[in-house]
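One structure is given below, encoded as structure tokens.
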Protein chains: 4
Amino acid sequence: MRKLPAKLASQLYGAAELIAERGLDGTKIDDIAEATGIPKATIYYHLDGKNGVLAFLLGDLLDLIAGEVGVAVSTEEDARTRLEAAVAAQLGVMVEHPFLCRALVGDLGRATRLPDLAEALRSAFYQPIEKLLSEGVADGSLRQVADPGAVAMSVFGAITVAGLSAAVEGSSTEASADAARFSAAICELILDGLATRRTRDDHESGERP
Amino acid sequence: MRKLPAKLASQLYGAAELIAERGLDGTKIDDIAEATGIPKATIYYHLDGKNGVLAFLLGDLLDLIAGEVGVAVSTEEDARTRLEAAVAAQLGVMVEHPFLCRALVGDLGRATRLPDLAEALRSAFYQPIEKLLSEGVADGSLRQVADPGAVAMSVFGAITVAGLSAAVEGSSTEASADAARFSAAICELILDGLATRRTRDDHESGERP
Amino acid sequence: MRKLPAKLASQLYGAAELIAERGLDGTKIDDIAEATGIPKATIYYHLDGKNGVLAFLLGDLLDLIAGEVGVAVSTEEDARTRLEAAVAAQLGVMVEHPFLCRALVGDLGRATRLPDLAEALRSAFYQPIEKLLSEGVADGSLRQVADPGAVAMSVFGAITVAGLSAAVEGSSTEASADAARFSAAICELILDGLATRRTRDDHESGERP
Amino acid sequence: MRKLPAKLASQLYGAAELIAERGLDGTKIDDIAEATGIPKATIYYHLDGKNGVLAFLLGDLLDLIAGEVGVAVSTEEDARTRLEAAVAAQLGVMVEHPFLCRALVGDLGRATRLPDLAEALRSAFYQPIEKLLSEGVADGSLRQVADPGAVAMSVFGAITVAGLSAAVEGSSTEASADAARFSAAICELILDGLATRRTRDDHESGERP
DNA sequence: CATGAATGAGCATTCATTCAT
DNA sequence: CATGAATGAATGCTCATTCAT
């Protein structure tokens, strides 16, 4: 379980698609070995078994997301703007690594059972959002909501599922465009909502002019 | 693959928790047999192997959701109101069948690979939302958005992930209260958005000089 | 294990081809049920399991052979002539029931392990030949050989293998012609031998003048 | 399906008796593993399942026979003499490997269904004989017969069945003596025939008035 | 360090057979 | 009598993992 050589690491990504398609349980170590060109025993030498492969791949992805999102979140802007940036960042990474994302979600059940991963997952995806929501309330850029936890979870869901969908269907050539489009759609949803404005304020009276 | 007797069907639900906790791959047929009291060979006589068990359980759940949501969506109200009802309906079912839901999501990757299920999933979860969004635009109760498909996917994500979270954590004794709380939070999010109203209006004008 | 109705018996022959092709072990009771149209449980009601099916089919074949050969052997002719008749009789039955024959031989190993069958086999195929050989010596129509047992076994082999080959390849439309041709060939071989006559007499002295 | 190490190969022969006695279907992989001392999984690592074991064992036997017969057939003698040598060679191998032979014949049906084996069987057993018969006609040492194919098949049957019988019953201590005795008996049969000479000559003229 | 070879432990699936109706 | 339904018992095969070189 030492730090694996860069070359192997890069080869290992060849397994992501396999795992995305078949799930980790449906992917045999032999398959991974064949797909990556790394001899089975060598994988064992460097990584801790099959779970190790998943952990490596996902750990990497999570680091990436955590990093990008972390940057997006650490600016001086107000929370709302940073939330937009965070959404864009997360989607950007997901769209750029579609196989890893699908592997992550496909084996989310298992991932949840790997303790380290569960925590990393939480801190990469969920916590930044939760934090932004509360900061937004503080700096006045976001509304106070009745149940912040539930809302944060929903926002997380909106981003993740949309990102996943983009990852599954997205043409790899237009990754960044896809990400931008989805990002805009999500921000529109979670910031402005779907209700027609006046109607919402006074459901009976009428639209804005 | 005949229609299994009601008694067996009910026994089979005893396997949902198992699958939810360990995933389908982590659940041995023997475990299922033991947990349900149905002899292994009898499971095979009625269902098509392990996948068959999952397919049966989830098929059932999806039918349930499709039904409840279908009812919620078929009223005479405006689309926005029906959307609220649909959210509540979906969350209601999810919270009431936490194990099935977790099993569904935990093995979502695999479920996706079972063709029938993939379609049922789509039509139970995603399509009603998509339809409501466009009907809302038509009846003026919901805003027109730039990318309806992406938004529908996000809404779907918001509901599902929140529902799942509720299903995982929710105390089974307060199921309906949980569902109501989550339902309200999600509706608040997807209808009104998170942006502070004034702030949002000013947002373009006032910020970065 | 009662005497099964004629109708079932005749249906049961539909299984012979199956068994011939796949062997008894390779043939599932369900296959037999499907091929014959007899419900699985009904087979069990009338016959004693899978072995029972084989026993029934082969028992029948063996009776047939024993009968035909018995008739051929019981004439007033000299032993040599009766041997020819026996060969023809055995081949005739084999060629007329190719599937049963192949089933018999294909599962000869197993058949040998069914005690009754082994004896029936021996008395249908081998013993008549052995008897004829010794009678031939007595009535002067056949030569005395050094090792009668070994010779009888060889004759049995010659007939059986040739018959089997005929059964496998033979066009079902020309069954009797095939049988006659093979019968003639075998008789030519076992009666006259292959050696050129003169040459044999004086193998040392020189080839044909 | 790699080339298995000599040690394993030799151990594997320990399975021949098992298979001879019970048939391949009646022999569990575990039995083979226990009898040979080779772990089950190791058998699978080197061979292609149960059929692979049979194929290996029989392939070996057939090579052996093909080799010995090949040598016997390749001398400068006339065809009749070489036929005698071939018979002796084939019987010699069969008697020396009684278990393999019984396994071969017991699972002949199955063997026939393994394509490679079927061909090897044909070329080891049948073809040399067929060839000798035609060469014998050419060099004058064997008679021309009406149906050479049928005769070759019968000769093949005579040798094989007798050999099998010898293999089954033969005391392993007198293997070569047995082989010689059977060999002589078979040659006597197939070369000189069973008909009494004079009688045969008279047969046409004198019999049934 | 890297890896080909070997294997222990596991398990889904099959199928002959039984039995209640 | 006949049979659809149910199941106990058996087993072939897989695969993650180890280890000697």
Ignoring backbone atoms, establish whether B/H46 has a side-chain N or O less than 4.0 Å from OP1 or OP2 of F/dA5.
no
Under 4.0 Å from OP1 or OP2 of E/dA6: is there any side-chain N or O of D/T42 that close?
no
Nearest nucleotide by nearest heavy atom, which residue falls closer to the 5' end of DNA chain E, D/P39 or A/P39?
A/P39
Which sits closer to the 5' end of DNA chain E, D/I38 or B/N51, going by the nucleotide each is nearest to?
D/I38
Do C/L104 and C/F125 touch side chain to side chain, with heavy atoms closer than 4.5 Å?
yes
Does some side-chain heavy atom of A/V53 sit less than 4.5 Å from a side-chain heavy atom of A/K50?
no
[X] [atom1] to [N] [atom2]: how many Å, rounded?
X	N	atom1	atom2	answer
B/D25	E/dC11	CG	P	11 Å
C/K7	F/dC1	NZ	P	16 Å
B/L4	F/dA5	CG	C1'	13 Å
C/L47	E/dA16	CG	P	14 Å
A/D31	F/dA16	CG	C1'	12 Å
C/D30	E/dT13	CG	C1'	14 Å
C/Y44	F/dG4	OH	C1'	15 Å
C/K50	E/dT18	NZ	P	14 Å

Select from D/K28 and B/I43 the residue whose nearest nucleotide in DNA chain F is closer to the 5' end of that strand.
B/I43
Closest to the 5' end of DNA chain F, once A/G49 and B/A41 are matched to their nearest nucleotides, is B/A41
What's the shortest heavy-atom distance between D/L47 and D/G52, and which atoms?
CD2-O, 3.9 Å
Between the side-chain atoms of C/K40 and the base atoms of E/dT17, is any donor-acceptor pair under 3.5 Å?
yes
Identify which nucleotide among E/dA16, F/dT3, F/dT17 has an atom closest to any side-chain atom of C/Y45, counting heavy atoms from C-beta outward.
F/dT3
G-U wobble or Watson-Crick pairing nucleotide for E/dC19 (cut-off 3.5 Å, both distances):
F/dG4
Less than 4.0 angstrom from a charged side-chain N to a carboxylate O is my criterion; do B/E21 and B/R102 meet it?
yes
The test is side chain to side chain contact (heavy atoms under 4.5 Å, CB included); show your working for B/L12 and B/L4 and say whether it passes.
CA-CA 10 Å; B/L12 216 40; B/L4 60 161; 3.9 Å; yes
